[in-house]
Each structure stands twice: as C-alpha cells, then as structure tokens.
Amino acid sequence: MVPLLDTNAQNLPLKAELNAAFDRVLHSGHFILGGEVTAFEEECAAFLGAKHAIGVSSGTDALVVALIALGIGHGDEVICPSFTFFATAGAISRVGATPVFADVCPVCFNLDVASTREKITEKTKAIIPVHLFGQSAEMYALQALAKKHGLSIIEDTAQAFGAKYHGKSCGTLGEFGTYSFFPSKNLGALGDAGLLVTNDSELAETARAARNHGSKIRYLHDFVGGNFRLDALQAALLRIKLAHYPSYSAARSANATAYTDALSTIDGITVANESDCACPVSQSAKLKSEGARAVLPVAYGHNTHIWNQYTLRILDGQRDNFREHLKTAEIGHEVYYPIPMHRQPCFRDLPEASLSNCPVSDTLAREVVSIPAYPELSPAQRDEVIAAIRGFSS
Ligand SMILES: *Cc1c(COP(=O)(O)O)cnc(C)c1O
C-alpha cells in the first residue's frame with residue numbers, strides 16, 4: 001500500500017517544533033495577523049526574491065485579492081487555462097469578471113500562448129497563467145503578449161512555491177503571484193492559508209487593504225475588500241516548515257528522476273517530447289508520441305520543477321483501466337483534473353468565446369493520472385509504484 005500523500009510523515013517529525021510554535025502563539029494572545037504573519041511574509045519574500053509578500057487566508061483568496069487590487073470586476077474579461085483547479089476560474093467570477101478559457105500545452109500542461117492570444121478582446125484585462133503540477137508556464141511569451149495588449153499577469157503559483165523559470169521564482173514575474181498552503185501543496189499548512197507577492201509597492205499596499213475590508217486606517221474603508229487574513233497560528237507553523245522546505249523539494253525531485261529513469265525503460269512508455277511543446281510557438285502540438293501507450297512528464301531545462309504532482313498521460317483510452325489496476329495494487333493516485341473549466345456546469349451560460357477551442361484540455365482530462373511523489377516516499381514504496389506500472393504495461 002502506497003498513499004498518494006502522507007501529511008503525517010512530514011508533520012509528525014516536526015512535532016516538538018510545531019508544539020513550541022503553538023505555545024508561542026497561545027501565550028502571545030495574538031491570533032490575527034501580527035508579528036508571526038509579518039515574519040512569515042518577510043521570510044517568504046526573501047525565499048522567493050519578491051519585494052512584498054502578503055499573507056492571506058487561502059490560495060483562492062490570494063487570487064481574489066490580486067484581482068480586487070488590480071481593479072478587475074464587472075465587464076472585464078480574464079483569460080485562464082481551462083485545464084486547472086477550479087479556484088483559478090472561480091476567483092475571476094467571484095469578483096464579477098468573465099472567465100475566458102484558453103487551451104493548454106499537451107507537453108507541459110500549461111497555457112498555450114497561441115490559444116491565449118486568440119482569446120484576447122477589447123475587454124481583456126488580465127491573464128492568469130497556472131504553473132501546473134509545479135512547473136512554470138512559458139512566461140516570456142506571455143509577458144510579451146501582456147505587454148503588447150496592456151494586460152496584467154497574475155501567476156497562479158498555488159502548485160509551484162519555489163519553482164523557477166530561467167532562475168527566477170515563479171510568481172515574481174507578473175503583477176502578482178499567488179500561492180496556496182493547502183495541506184497537499186508542497187508547503188502545506190495545518191489548515192487553510194495562502195500568500196501573494198508583488199514587486200509593486202502600490203499594488204502591495206492595495207492588496208494589504210483588500211485582505212482587511214479595504215481598510216488602511218481603522219474603520220475607514222477606501223473600497224470594499226473582505227476578510228482574507230492569515231491566522232497567526234498558521235503563519236507560525238508555516239515558518240517552521242519553510243525552514244525545511246528545500247529538502248522537501250529535493251526529495252520530490254529525486255522521486256521524479258527515479259520514476260522517469262525506471263518507467264522510461266518500459267516498452268511503450270516514453271518521456272514527453274520537449275520539442276512538441278505548444279507554448280513558445282504557435283505550431284499545433286502533437287498529442288500522441290509515436291507508438292507510445294503512456295507519456296511521462298518532462299521538466300524543461302530552463303525550469304526548476306518542484307513536482308507537486310508527477311502526472312502521466314495514459315493513451316488509447318486506457319486511463320481508467322490503468323486506474324483500476326493501480327487501485328487493485330493499492331497504489332494511491334488521482335486524476336487532476338477530470339473536468340476542464342469550459343465543461344463545468346456553473347460556466348455553461350458564459351459566452352461561447354469563453355468556452356470554445358480547448359481540445360487539448362478535453363484530451364488531458366481523459367488521459368492524465370498522478371502518482372505518489374511526496375518527499376517522504378521511501379525508495380521501497382517508489383519501487384512498489386514502479387512495479388505496479390510495469391505490471392500494467394506488460
Ligand atoms: C490549490 C489551488 C488553488 C487554491 O488554493 P486553496 O488554498 O485551496 O484555496 C488555486 N489554484 C490552483 C492551481 C491550485 O492548485
């Protein structure tokens with residue numbers, strides 16, 4: 001039996017440190033924002049190489065705060081990938097704007113630049129690339145597109161805290177980067193928590209006000225924000241885990257390398273072909289590698305992938321059979337994500353232009369499956385996963 005994730009394996013060895021942090025907060029009697037949150041924000045800003053970091057209540061709220069701070073609302077359109085977690089799209093709707101879904105690349109799973117370009121209209125105000133599964137989207141091309149059309153970029157970095165693009169931390173290239181510390185994210189809190197970063201001092205100030213009812217001076221409200229504050233307790237606990245974070249990323253990366261080395265030797269399993277990536281250029285990407293039955297994920301040379309998920313594509317309509325096989329072998333796995341945003345019932349009344357032309361998202365929803373890659377996975381457990389996959393392929 002190998003679970004998809006084991007939070008206890010990470011948190012219990014830190015028990016003494018976490019208890020000490022809890023005691024510190026308990027005795028401080030200060031539970032909302034305050035010193036622990038400020039210290040955590042400063043430590044994150046330093047770790048990521050961002051000027052400002054603002055702790056918030058979740059990764060979803062980080063997106064909402066970023067949109068509010070940019071003044072995006074009713075009548076505005078925001079482009080995001082169809083193949084993502086719901087929060088990316090939900091946040092756009094929450095502020096009253098219209099989500100417009102672009103397709104993704106079948107190789108790196110991130111925003112397809114050509115598809116994004118096609119979806120830009122007079123009403124477009126921002127693009128939200130998602131650094132899915134822990135690898136950066138193609139930011140230079142997206143930045144060029146945003147600059148040409150006067151758009152803001154909010155990087156949904158919920159799955160890519162500390163991942164890098166050409167040496168820079170994901171989340172620090174756009175107007176805002178947003179992060180989630182949901183327990184299954186690479187830096188997992190003991191509850192809900194989130195963060196946003198920006199290098200723009202004015203935007204930082206507005207975001208700080210937005211997380212606290214649009215108020216900079218007590219009881220004076222410049223605009224309507226919300227209660228999107230980070231708890232002192234979560235900040236204190238996260239500070240401890242942040243200090244251990246580089247070792248978590250290294251362990252995930254070692255797992256990914258071990259998987260790719262072992263699985264790529266199996267007949268019919270191939271590594272995704274980097275040159276098929278649809279992101280930098282507008283060429284139509286190949287959805288199927290010659291003769292392959294399964295495709296392994298690839299980390300691009302210019303990216304530091306942090307492997308929030310190790311996600312395979314199982315071709316030939318075999319994905320659900322593959323899942324059954326893993327289930328029988330008691331290997332934890334999950335489909336991230338089975339229903340793309342352009343097929344969600346809550347978005348069915350959006351304009352046709354929001355929902356059209358996302359064929360790769362449809363294909364990926366049918367093909368992807370993620371296997372255990374968490375840092376504490378032992379070599380023996382990893383071998384169990386590899387053996388189970390070998391068993392399906394032969
Ligand atoms: C997890 C996640 C979010 C939302 O984060 P929460 O902290 O759960 O609100 C947003 N976007 C993506 C891509 C995510 O994976």
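FYI, side chains are in, hydrogens and waters are out, and symmetry mates aren't considered; it's all heavy atoms of this structure.
Checked against the 6.0 Å centroid threshold, Phe322 and His333 do not count as a close aromatic pair. Checked against the 6.0 Å centroid criterion, the rings of Phe40 and Phe181 qualify as a close aromatic pair. Between Phe47 and Phe161, the ring centre distance stays below 6.0 Å.
In this structure the side chain of Arg313 never reaches within 4.5 angstrom of the side chain of Arg366, judged on heavy atoms. Residues Arg252 and Ile306 are not in side-chain contact: their nearest non-hydrogen atoms beyond the backbone lie 4.5 Å or more apart. Contact annotation: the side chain of Lys123 never approaches that of Thr98 to less than 4.5 Å [non-hydrogen atoms, C-beta and beyond]. Side-chain atoms of Asp103 and Ser361, non-hydrogen and from C-beta on, do get closer than 4.5 Å to each other. Contact annotation: the side chain of Leu190 approaches that of Asn11 to within less than 4.5 Å [non-hydrogen atoms, C-beta and beyond]. With contacts defined as side-chain heavy-atom distances shorter than 4.5 Å, the pair Tyr310/Asn255 does not qualify. Within the 4.5 Å cutoff, side-chain heavy atoms of Phe86 are placed close to those of Cys346. For the pair Asp192/Phe182, a side-chain contact is recorded, criterion being any heavy-atom separation below 4.5 Å from C-beta on.
Heavy atoms only, all atoms of each residue included: Gln381 and Pro3 are closest at NE2-CD, 4.1 Å. Scanning all heavy atoms of the two residues, the minimum distance from Ile79 to Thr116 falls at CD1-O, 3.7 Å. Closest heavy-atom contact between Ile32 and Ala232: N-CB, 4.4 Å. In this structure, Ile72 and Ala126 approach most closely via the heavy-atom pair CD1-CB, 3.7 Å. Heavy atoms only, all atoms of each residue included: Pro81 and Ile128 are closest at CD-O, 3.2 Å. Contact detail for Ile314 and Ala294: the closest heavy-atom pair is CD1-CB, 3.9 Å.
Distance check, rounded to the nearest 0.5 Å: CG of Leu364 to CZ of Arg319 gives 10.0 Å. To the nearest 0.5 Å, atoms CD1 (Ile127) and NZ (Lys119) are separated by 13.0 Å. The CZ atom of Phe228 sits 8.5 Å away from atom NE2 of His213, with the distance rounded to the nearest 0.5 Å. Taken from CD1 in Ile154 to SG in Cys80, the straight-line distance is 10.5 Å, to the nearest 0.5 Å. For the atom pair NE2 of His166 and OG1 of Thr304, the computed distance is 10.5 Å after rounding to the nearest 0.5 Å. Rounding to the nearest 0.5 Å places NZ of Lys241 at 7.0 Å from CG of Leu187.
Linking ILVMFWY residues whenever their side-chain heavy atoms come closer than 4.5 Å, directly or via other members, places Leu296 and Leu377 in the same cluster. Cluster membership check: Leu263 shares its hydrophobic cluster with Ile331, using side-chain heavy-atom separations under 4.5 Å among Ile, Leu, Val, Met, Phe, Trp and Tyr. Leu67 and Ile120 are assigned to two separate hydrophobic clusters, defined by single-linkage of ILVMFWY side chains at heavy-atom distances under 4.5 Å. Following chains of ILVMFWY side-chain contacts shorter than 4.5 Å, one cannot reach Leu173 starting from Leu48, and the two form parts of different hydrophobic clusters. Val104 and Ile92 fall into different hydrophobic clusters, where Ile, Leu, Val, Met, Phe, Trp and Tyr residues are linked whenever their side-chain heavy atoms come under 4.5 Å apart, directly or through other members.
Salt bridge Arg211/Glu41: present, at least one basic N to carboxylate O contact under 4.0 Å.
Surrounding CZ of Arg94 are at most 12 heavy atoms belonging to other residues, nucleotides or ligands under 6.0 Å away. Heavy-atom neighbours of Ile339 CD1 from other residues, nucleotides or ligands within 6.0 Å: at or below the threshold of 12. The number of heavy-atom neighbours closer than 6.0 Å to CG of Leu12, taken from other residues, nucleotides and ligands shown, is above 12. For Lys327, the NZ atom is loosely surrounded, since the number of other residues' heavy atoms within 6.0 Å does not exceed 12. Remark: Glu43 CD is packed, more than 12 non-hydrogen atoms of other residues, nucleotides or ligands lying under 6.0 Å away.
In this structure a side-chain-to-backbone donor-acceptor pair under 3.5 Å is present from Thr124 to Thr121. Between the side chain of Asn308 and the main chain of Gly134, no donor-acceptor pair closer than 3.5 Å is present. The closest donor-acceptor contact from the side chain of Glu155 to the backbone of Gly171 lies under 3.5 Å. In this structure, Glu36 contributes its side chain and Ala235 its backbone to no donor-acceptor pair below 3.5 Å. In this structure, the side chain of Ser215 does not engage the main chain of Asn212 through any donor-acceptor pair within 3.5 Å. Formation of a donor-acceptor pair under 3.5 Å by the Ser58 side chain with backbone atoms of Gly194 is not found in this model. In terms of modelled atom types and a separation under 3.5 Å, the side chain of Thr198 and the main chain of Ala204 share no donor-acceptor contact. Judged by distance alone, with hydrogens and angles left aside, the side-chain atoms of Ser115 form no donor-acceptor pair with the main-chain N or O of Asp112 at under 3.5 Å. Side-chain N or O atoms of Asn110 include one that pairs as donor or acceptor with a backbone N or O of Leu132 at under 3.5 Å. A donor-acceptor pair under 3.5 Å is absent between the side-chain atoms of Arg343 and the main chain of Ser82, judged by distance alone.
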**Request:** For side-chain contact (heavy atoms from CB on, under 4.5 Å), just list the numbers for Leu312 and Tyr259, CA-CA rounded to whole Å, side-chain angles, deciding distance to a tenth of an Å, and then say yes or no.
**Result:** CA-CA 11 Å; Leu312 297 87; Tyr259 276 145; over 6 Å; no
**Item:** Steps toward side-chain contact (heavy atoms from CB on, under 4.5 Å) verdict (Ile389, Ile269)
**Value:** CA-CA 10 Å; Ile389 295 173; Ile269 299 188; 4.0 Å; yes
**Request:** Please report the C-alpha distance between Val335 and Val368 in whole Å, then the side-chain angles of each, then the deciding distance to 0.1 Å, and finally whether the side-chain contact (heavy atoms from CB on, under 4.5 Å) criterion is met.
**Result:** CA-CA 6 Å; Val335 170; Val368 292; 4.2 Å; yes
**Request:** Please lay out, stage by stage, how Tyr300 and Ser136 fare under the test side chain to side chain donor-acceptor pair (under 3.5 Å).
**Result:** CA-CA 9 Å; Tyr300 293 160; Ser136 183; over 6 Å; no
**Request:** Verify side-chain contact (heavy atoms from CB on, under 4.5 Å) between Glu334 and Gln309, making sure each step is shown before the conclusion.
**Result:** CA-CA 10 Å; Glu334 190 54 84; Gln309 301 296 340; over 6 Å; no
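Ring geometry for Phe133 against Phe109 counts as perpendicular: the plane angle is over 60°, on a 0 to 90° scale with 30° as the lower cut. Relative ring orientation between Tyr337 and Phe83 is described as perpendicular, the plane-to-plane angle rising above 60° on a 0-90° scale split at 30° and 60°.
At a cut-off of 3.5 Å, with distance as the only test, no side-chain donor of Tyr248 or Glu376 sits close to an acceptor on the other residue.
Exactly one of Glu138, His131, Gln135 qualifies for a side-chain hydrogen bond (donor to acceptor under 3.5 Å, both in side chains) with Tyr165. That residue is Glu138.
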